[in-house]
Every structure is written in C-alpha cells, then in structure tokens.
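Written below as structure tokens is the structure these notes are about.
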There are 2 protein chains.
Amino acid sequence: MSGTYTGVPSVLAHELPRPVPTDELAACPVGNVFRRLGDKWSMLLVVMLGGRPHRYNELHRAIEGISQRMLTRTLRGLEADGLVRRDVHPTVPPSVEYSLTPLGRTLLEPLSALADWAVAHEPEMREARSRQADG
Amino acid sequence: MSGTYTGVPSVLAHELPRPVPTDELAACPVGNVFRRLGDKWSMLLVVMLGGRPHRYNELHRAIEGISQRMLTRTLRGLEADGLVRRDVHPTVPPSVEYSLTPLGRTLLEPLSALADWAVAHEPEMREARSRQADG
DNA sequence: CAGTATCCTGAAGGATACTG
DNA sequence: CAGTATCCTTCAGGATACTG
C-alpha cells in the first residue's frame with residue numbers, strides 16, 4: 001500500500017503518508033457534513049426530493065414512520081443548509097412545495113454512490129452480523 | 001463510478017416514475033446502511049483505517065474527542081458488520097491492530113465521493129446558514 | 001393543508017474509575 | 001496497552017393536541 005491507492009479518499013490522499021490528518025479530519029468539512037446529514041431522515045428526504053418535488057403532506061404520507069415534527073424540522077434544516085427549497089403557493093388551502101436546490105442536486109451523485117454500495121454490500125454486512133451471532 | 005448519471009440515484013431510478021418507493025426505501029438496504037454508518041464516529045473510523053491500520057490507543061489519541069467507550073463500541077460495531085478486522089498480537093504488553101477488511105475497503109470509494117462533496121460544498125452550506133441568520 | 005406547541009422516552013454518547 | 005464497568009447527561013425523535 002505504498003503507492004497511490006484509489007481506495008483512499010482523494011481528499012485525504014494528498015495528506016498521506018502522514019499518520020492521517022486526524023484532528024483536522026474531525027474538525028473538517030467532512031465531519032461537519034457527515035454529522036449534518038447523518039440524522040434519521042435527511043439523506044432519505046434528499047433522495048426523495050431528488051425524484052421530483054413533493055408537497056408537505058405528500059412526504060408525510062410517503063415516508064411511513066416520520067412524525068410531523070421531524071418532517072418539519074428536517075426540511076427546515078435542509079432548507080437552512082441550502083439543499084432544499086420551500087415554495088409557498090398562496091392558494092386556499094395553502095400549498096407548499098419542497099424541491100432540491102442546485103446545491104442539493106449535486107449531492108445526489110455521491111449519495112447515489114453510497115446507496116449503490118448499500119444495495120450491493122448490505123447482504124454481506126448482514127451475513128457478517130449473523131455469523132458472529134452463531135460463532 | 002456507477003455508470004451514467006441521470007440525476008436520480010441509480011438504485012431508485014428503475015423504480016420511477018412512481019411517487020418513489022418510499023416505505024420500501026425506508027426498509028431497504030440503503031436505510032439500514034445509512035443508519036448503521038450514520039453515528040458519530042463510524043465513517044470517520046473507516047476513513048482513518050482506510051489510510052493504514054491503527055492500534056487502539058493510536059486511534060484514541062488521533063481522534064480528539066472520542067471516549068474510550070465510544071471508540072471500543074464503534075470499532076466492535078464495524079467489526080461485527082465485517083468492515084473492520086481486529087488483530088491481537090500476543091505480545092507484552094498486548095498490542096491490537098485494527099484494519100479494514102476487503103469489504104471495508106470497498107466502502108472507501110463511495111465514502112470518498114461523499115467526502116469530496118463535503119470539501120467542495122460545505123462552504124456553500126455554511127454560507128447558506130449564515131445568510132439565513134441575518135435574513 | 002401545512003404546520004406549532006408540549007410533553008415524554010430511549011438511546012447515544014461522555015466522564016470517570018478500575019483491570020488483566 | 002487495551003480495554004470494562006458505571007453512572008450520568010443530553011437530545012433526537014415520537015405522540016398528541018391544537019391552529020391559521
């Protein structure tokens with residue numbers, strides 16, 4: 001592993017072969033973003049809205065298990081981060097449409113990569129877990 | 001990467017144009033993996049070990065802010081998922097080395113994509129937040 | 001329809017002390 | 001060195017009721 005390995009995150013590769021820039025890492029954008037998106041619903045919502053815009057109650061019905069409180073909070077958070085746009089149409093009754101901003105759209109690609117990995121390898125993870133349950 | 005990018009996560013693309021397979025989505029591998037890796041330290045540790053193997057106290061020192069309890073727990077979790085390998089060298093004093101498994105290595109690529117995105121776009125997210133602080 | 005406002009619980013995670 | 005064992009706090013997130 002002395003050469004340039006593709007499997008090392010490119011962001012970090014240029015820092016090597018130092019023991020890895022760890023406290024920088026912990027305080028760096030990566031950590032921040034991971035923590036912002038690492039809650040229960042954010043990534044899911046981004047993926048949902050990546051398909052097409054949705055209205056509030058539409059999301060509420062679609063995402064079985066999410067509470068109104070968390071739906072609102074998560075959407076507001078994503079909006080504050082500039083990932084989601086909230087459009088209020090002053091109709092009666094009011095209608096609010098949520099969609100991805102251009103910034104939000106750029107997130108779909110890496111999220112897709114992770115999702116693909118999940119689909120491809122989650123069975124292996126599950127198997128590893130069950131193996132250790134017996135073993 | 002995972003082929004031509006449509007703007008919609010490829011895992012989900014084949015499900016469209018349905019309103020999006022949401023409860024499936026919530027119960028699918030993607031959700032599981034997101035939740036397993038979505039804790040405070042897992043992704044960080046995978047990235048760390050992606051650089052090279054580390055010993056326990058080395059990680060403890062490197063990752064400022066992590067408690068012994070959480071370091072152990074997170075490593076054990078990753079090990080149970082088959083992402084991390086734990087090698088005990090029966091020396092005196094004992095030395096334990098943690099490294100990525102082959103499965104764990106495959107995770108570095110999508111994680112890298114996310115990390116790259118974070119580095120590239122986290123400033124925009126931060127700016128969006130501050131903009132709304134002023135309002 | 002699209003939310004607030006409250007209350008409440010469980011789990012995540014930190015601090016500290018101790019051990020083979 | 002590489003952990004356990006305990007205790008404690010915080011807060012993410014759910015449930016429920018109410019509103020413009």
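Just so it is clear: chains get the letters A, B, ... in the order the sequence lines come, proteins before strands, and each one is counted from 1. Because only heavy atoms are used, hydrogens play no part in the values below, and waters and symmetry mates are left out as well, while side chains stay in.
- The closest donor-acceptor contact from the side chain of B:D39 to the backbone of B:W41 lies under 3.5 Å.
- In this structure, OH on B:Y56 lies 11.5 Å from CZ on B:R61, to the nearest 0.5 angstrom.
- Side chain of B:D39, nearest nucleotide from C:dG3, C:dG13, D:dG13: C:dG13.
- The number of heavy-atom neighbours closer than 6.0 Å to CZ of A:R36, taken from other residues, nucleotides and ligands shown, is above 12.
- Separating the NE2 atom of A:H54 from the C1' atom of C:dG3 is a distance of 18 Å, rounded to the nearest angstrom.
- Between the CG atom of A:D87 and the C1' atom of C:dC1 there is a distance of 16 Å, given to the nearest Å.
- When side chains are defined from C-beta on, A:E97 does not count as touching A:H54, because their heavy atoms never get closer than 4.5 Å.
- The phosphate of D:dC1 (OP1 or OP2) has no side-chain N or O of B:Y98 nearer than 4.0 angstrom.
- Residue B:P94 places its side chain closer to D:dC1 than to any other of D:dC1, C:dC1, D:dG3.
- Using a 4.5 Å heavy-atom threshold, the side chains of B:M125 and B:H121 count as separate.
- One interatomic measurement links the two molecules: NZ of A:K40 to P of C:dG10, which rounds to 14 Å at whole-angstrom precision.
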- prompt: Where each pair must be Watson-Crick or G-U wobble with both distances under 3.5 Å, what dot-bracket representation of DNA chain D is obtained, with crossing pairs in [ ] and other-strand partners as |?
  reply: ||||||||||||||||||||
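- A salt bridge is absent between A:R129 and A:E124; no separation between the charged side-chain nitrogens and carboxylate oxygens falls under 4.0 Å.
- Here C:dT19 presents its C1' atom at 14 Å from CG of B:N57, a figure rounded to the nearest Å.
- Non-hydrogen atoms lying under 4.0 Å from DNA chain C are contributed by A:Q68, A:R69, A:T72, A:R76, all within residues 68-76 of chain A.
- Put simply, OH on A:Y56 is 12 Å from P on C:dC1, counting in whole angstrom units.
- A:E97 places its CD atom 15 Å from the P atom of C:dC1, with the value rounded to the nearest Å.
- Distance CZ (B:R86) to C1' (D:dG3): 8 Å, rounded to an integer number of Å.
- With B:T106 contributing its side chain and B:L103 its backbone, the two residues share a donor-acceptor pair below 3.5 Å.
- Checked against D:dG13, D:dA2, C:dG14, the side chain of A:W41 finds its nearest nucleotide in D:dG13.
- Contact check for B:V84 versus B:L100: side-chain heavy atoms found under the 4.5 Å cut-off.
- Expressed to the nearest 0.5 Å, how far CE of A:M43 lies from CZ of B:R35 amounts to 11.0 Å.
- When the side-chain nitrogen and oxygen atoms of A:R55 are compared with OP1 and OP2 of C:dA2, one or more of them lie within a distance under 4.0 Å.
- Distance A:I66 CD1 to C:dA2 C1': 14 Å, rounded to the nearest Å.
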